[in-house]
Participant: 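Please find one structure pasted underneath; my questions will follow.
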Amino acid sequence: MAEAKAFAVRTHGVTKVFGRGAAAVHALRGIELEVPWGELVMLVGPSGCGKTTLISILAGILDRTEGECQVLGVDPQHLRQSTRTRWRGENVGFVFQQFNLIPALTAAENVAVPLLLLGHPRRKAIAAAEAQLERVGIADKRKVRPTQLSGGQQQRVAIARALVHEPRFVVCDEPTSALDADNGQIVMGLLAEIAMRGDRALVVVTHDARIFHFADRIVRMDDGLVAGVRTQTADRTLKLHSHQP
Amino acid sequence: MNRIAIKMLVGDVAKYFGILLGITFAALLITQQSSIFVGLMSRTYAFVADTSLPDIWVTDPEVKYIDELEPMQSTALDRVRGVPDVQWAVPMYKAVLRGRLQNGTFRSVIVVGLDDATLIGGPPKMVEGDLGDLRRADGVILDVVSARTRLARYSAYDAQGNPAKDAERIPMAVGDTLQINDRRAVVVGLCEVTRTFQSQPVIYTTYTRALSFAPPERKQMSLILAKAADGVDPTALSDRITATTSLRARTAEQMQWDTILYYLKNTGIPINFGIAVLLGFLVGVAIAGQTFYNFTLDNLRYFGALKAMGGSTWLLLRMVLLQALLAGAIGYGLGVGLAALFGIQAGGTELAFRMTWHIPAISAAAVALICALSSLVSMIKVIRLEPAVVFRG
Ligand SMILES: Nc1ncnc2c1ncn2[C@@H]1O[C@H](COP(=O)(O)OP(=O)(O)O)[C@@H](O)[C@H]1O
Ligand SMILES: [Mg+2]
């Protein structure tokens with residue numbers, strides 16, 4: 001157990017089978033993965049190799065079929081449903097490819113959602129959300145609805161939302177694939193800068209080679225298995241093509 | 001999160017409008033149709049309600065309701081007066097007779113004959129003249145609406161005897177005469193009566209004069225109106241009258257209900273209104289339910305995100321319920337408000353409209369059911385929702 005605590009995430013032989021019988025899909029076929037504290041790990045690999053399935057299991061929103069899995073020292077699948085929901089709310093931050101911001105809410109309200117879900121009073125939650133928006137550089141957009149924001153701005157709001165409650169584990173599924181190259185750099189830079197601390201871990205699913213340099217470790221997946229792991233010294237500088245927007 | 005739920009609902013203007021429209025329409029239709037139904041039903045017993053003085057109505061045992069009376073022998077009155085605790089009892093004549101207007105046209109009229117001595121059972125409100133004027137020779141009192149319409153004459157007639165093209169309508173007035181079964185009657189007053197299902201003009205006169213209008217028959221007394229002595233329960237007394245006289249004694253309220261129930265049982269009215277109310281309900285369920293379900297479907301990915309980010313199923317259900325409740329409350333308010341406006345508009349007309357407190361309560365229950373049904377499907381969706389959908393395109 002002490003060993004497990006050295007890593008934010010540690011899995012052994014994780015499999016996932018969707019469906020049954022002839023129609024069964026073996027999405028994961030025995031995943032061995034370690035994510036040390038304080039690291040930004042990228043999951044890369046061809047479409048359909050199981051990246052999304054794997055982070056869903058790590059984030060505690062999907063049950064695995066077999067294997068072992070420790071996230072932040074617990075096995076989310078062993079938690080009761082209500083405890084698990086609460087555990088996610090307190091410990092996991094989410095960034096989605098399609099942002100998933102609620103259109104009827106302002107940017108600040110969207111960012112405040114994780115705190116509101118944890119039962120924080122509205123006033124405090126909004127104040128914290130506005131502070132977080134400032135950190136991602138769009139404090140002036142706090143009263144604006146998502147539909148009036150550019151893709152890059154929306155993803156910044158989403159990053160603020162993923163981090164506002166100070167989660168220890170952040171999962172991102174293709175956070176830059178809906179953005180142009182420069183916005184991808186900015187968003188990834190913000191993620192790396194704000195989210196990375198010694199007591200945190202970040203797993204980013206991507207096939208965007210232009211952001212690989214932000215990673216401490218790149219885990220290459222193929223057909224439901226880890227095909228290779230490369231550690232590198234992360235370069236957190238932005239590689240911008242045009243002038244900064 | 002309540003505020004967020006409300007913002008989500010109101011934020012989608014088109015869908016929000018659709019949901020409100022469905023609920024408003026249902027509430028309006030249910031409230032309005034029920035009110036007209038109750039209005040019509042209360043018309044059936046208006047004659048009883050208009051006659052406030054007696055608290056017991058005695059008839060022949062065969063009588064089922066107020067509009068079809070079976071005459072009794074005059075000795076029945078003495079039998080009723082003989083029952084202990086009867087403070088007073090007076091006869092009343094009520095029947096449809098044939099009247100002939102000055103211009104020669106015939107009209108069926110309801111002749112109501114009041115006890116000569118007391119004139120008990122007279123119209124609820126005099127418009128012109130006085131009830132006591134009935135004591136003048138050949139005196140009758142007309143209901144004012146009929147005097148202006150069916151009993152009116154025209155200033156000119158064509159060769160066929162129909163009103164001429166530009167003829168003016170001249171209402172029947174005090175001093176005019178008409179014939180009832182070939183007996184002369186002089187109008188001495190005009191009164192207001194509440195409309196009933198019997199559409200004929202109502203003519204009040206004294207009991208004796210009414211009998212002189214009526215064809216000679218062995219039995220001629222239509223009703224006996226009685227009053228219980230002070231402190232005596234009318235229900236118990238009417239039971240006693242029924243038991244001892246072999247007549248049928250009913251309290252005013254029982255008589256009203258007898259009449260309502262007769263019409264309910266023997267006409268298509270309840271079915272027709274029932275269908276209208278049911279339609280309103282179904283349309284409400286269809287429109288509101290469909291739009292609300294679509295609204296939830298549209299928001300499902302956000303609900304999924306909320307689930308992933310730590311929102312419990314219970315919290316999401318509360319959000320959906322709140323959204324349904326809010327839409328229901330506003331739609332209900334609009335619907336009942338519109339129905340009430342309609343009622344106020346209908347107030348001055350012949351339209352039957354009566355909104356008792358039961359009706360908004362029934363509409364509220366119906367709207368609540370609509371919201372429950374609409375949100376139920378959405379709730380099932382939310383319960384089944386897997387948080388893992390958030391990462392799927
Ligand atoms: N809910 C599901 N039901 C059935 N098959 C699924 C489901 N989710 C994913 N899969 C399948 O599992 C495999 C891995 O999917 P996914 O994890 O989304 O891959 P990636 O994110 O690497 O593109 C694919 O073959 C996909 O079709
Ligand atoms: Mg994927």
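Chain identifiers are assigned alphabetically (A, B, ...) following the order of the sequence lines, protein sequences preceding nucleic acid strands; residue numbering begins at 1 within each chain. Here the structure is a predicted model, which is why all the values come from computation and not from measurement.
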Participant: Heavy-atom distance under 4.5 Å between the side chains of A/H165 and B/M309, does that happen here?
Facilitator: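 A/H165 does not reach B/M309 side chain to side chain.
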
Participant: Over all heavy atoms of both residues, which pair between A/V95 and B/F391 is shortest? Give the atoms and the distance, please.
Facilitator: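 In this case the closest contact between A/V95 and B/F391 is O-CE2, 3.9 Å.
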
Participant: Taking everything shown except A/W87 itself, do over 12 heavy atoms lie less than 6.0 Å from its CH2?
Facilitator: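 More than 12 heavy atoms, drawn from other residues, nucleotides or ligands, come within 6.0 Å of this atom.
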
Participant: Rounded to the nearest 0.5 Å, what separates atom OG in A/S56 from atom CZ in B/R392?
Facilitator: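 Going from OG on A/S56 over to CZ on B/R392, the span is 5.5 Å.
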
Participant: Just to be sure I understand the criterion: a residue of residues 271-281 of chain B counts if one of its heavy atoms is under 4.5 Å from a heavy atom of chain A. Which ones qualify?
Facilitator: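 None at all.
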
Participant: Counting only heavy atoms not in A/R29, do more than 12 fall under 6.0 Å of its CZ?
Facilitator: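 Yes - once you tally the heavy atoms of other residues, nucleotides and ligands closer than 6.0 Å, there are more than 12.
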
Participant: Would the number of heavy atoms belonging to other residues, nucleotides or ligands and lying under 6.0 Å from CZ of A/F18 be above 12?
Facilitator: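 Yes - once you tally the heavy atoms of other residues, nucleotides and ligands closer than 6.0 Å, there are more than 12.
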
Participant: Has B/E253 got more than 12 heavy atoms of other residues, nucleotides or ligands less than 6.0 Å from its CD?
Facilitator: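 No, the 6.0 Å shell around CD holds no more than 12 heavy atoms from other groups.
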
Participant: Heavy atoms only: give me the nearest A/A104-B/G11 pair and the separation to one decimal.
Facilitator: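 Heavy-atom minimum between the residues: CB-CA, 3.9 Å.
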
Participant: Can you measure from CG (B/L316) to CG (A/L117) and round to the nearest 0.5 angstrom?
Facilitator: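 Those atoms lie 8.0 Å apart.
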
Participant: Which one of A/N91, A/L105, A/T53 has the most heavy-atom pairs closer than 4.5 Å to chain B?
Facilitator: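 With the most close heavy-atom pairs to chain B, the winner is A/L105.
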
Participant: What part of A/R122 is in contact with chain B, defined as an atom under 4.5 angstrom from a non-hydrogen atom: side chain, backbone, both or neither?
Facilitator: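 Interface part for A/R122: side chain.
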
Participant: Please check if atom OH in B/Y16 has more than 12 non-hydrogen atoms from other residues, nucleotides or ligands closer than 6.0 Å.
Facilitator: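 Atom OH in B/Y16 is packed in, count exceeds 12.
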
Participant: Please identify, among A/V92, A/I102, A/L62, A/V113, the residue contributing the most non-hydrogen atom pairs under 4.5 Å to chain B.
Facilitator: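 That would be A/I102.
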
Participant: Heavy-atom count check: over 12 atoms from other residues, nucleotides or ligands less than 6.0 Å from B/K7 NZ?
Facilitator: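 Yes, because the 6.0 Å sphere around NZ of B/K7 holds more than 12 heavy atoms from other groups.
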
Participant: Where on B/L9 is there a heavy atom nearer than 4.5 Å to chain A: the side chain, the backbone, both, or neither?
Facilitator: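 Neither part.
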
Participant: What residues of residues 290-304 of chain B sit under 4.5 Å from chain A when you count only heavy atoms?
Facilitator: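 Answer by number: B/R301, B/Y302.
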
Participant: Would you mind checking which part of A/L118 comes under 4.5 Å of any heavy atom in chain B, side chain (CB onward), backbone (N, CA, C, O), both or neither?
Facilitator: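 Contact with chain B: none, neither part.
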
Participant: Heavy atoms only, distances under 4.5 angstrom: which of B/L306, B/T313, B/V10 has the most pairs with chain A? Name it, please.
Facilitator: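 Most heavy-atom pairs within the cutoff with chain A belong to B/L306.
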
Participant: Ignoring hydrogens, what is the shortest heavy-atom contact between A/R88 and B/K307? Give both atom names and the distance.
Facilitator: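 Closest pair (atom of A/R88, atom of B/K307, distance): NH2-O, 2.8 Å.
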
Participant: If you count heavy-atom pairs within less than 4.5 Å of chain B, which of A/T52, A/N100, A/I57 leads?
Facilitator: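 The option with the most such pairs is A/N100.
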
Participant: Any chance you could measure A/L116, atom CG, to B/R3, atom CZ, to the nearest 0.5 Å?
Facilitator: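 These two atoms lie 10.0 Å from each other.
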
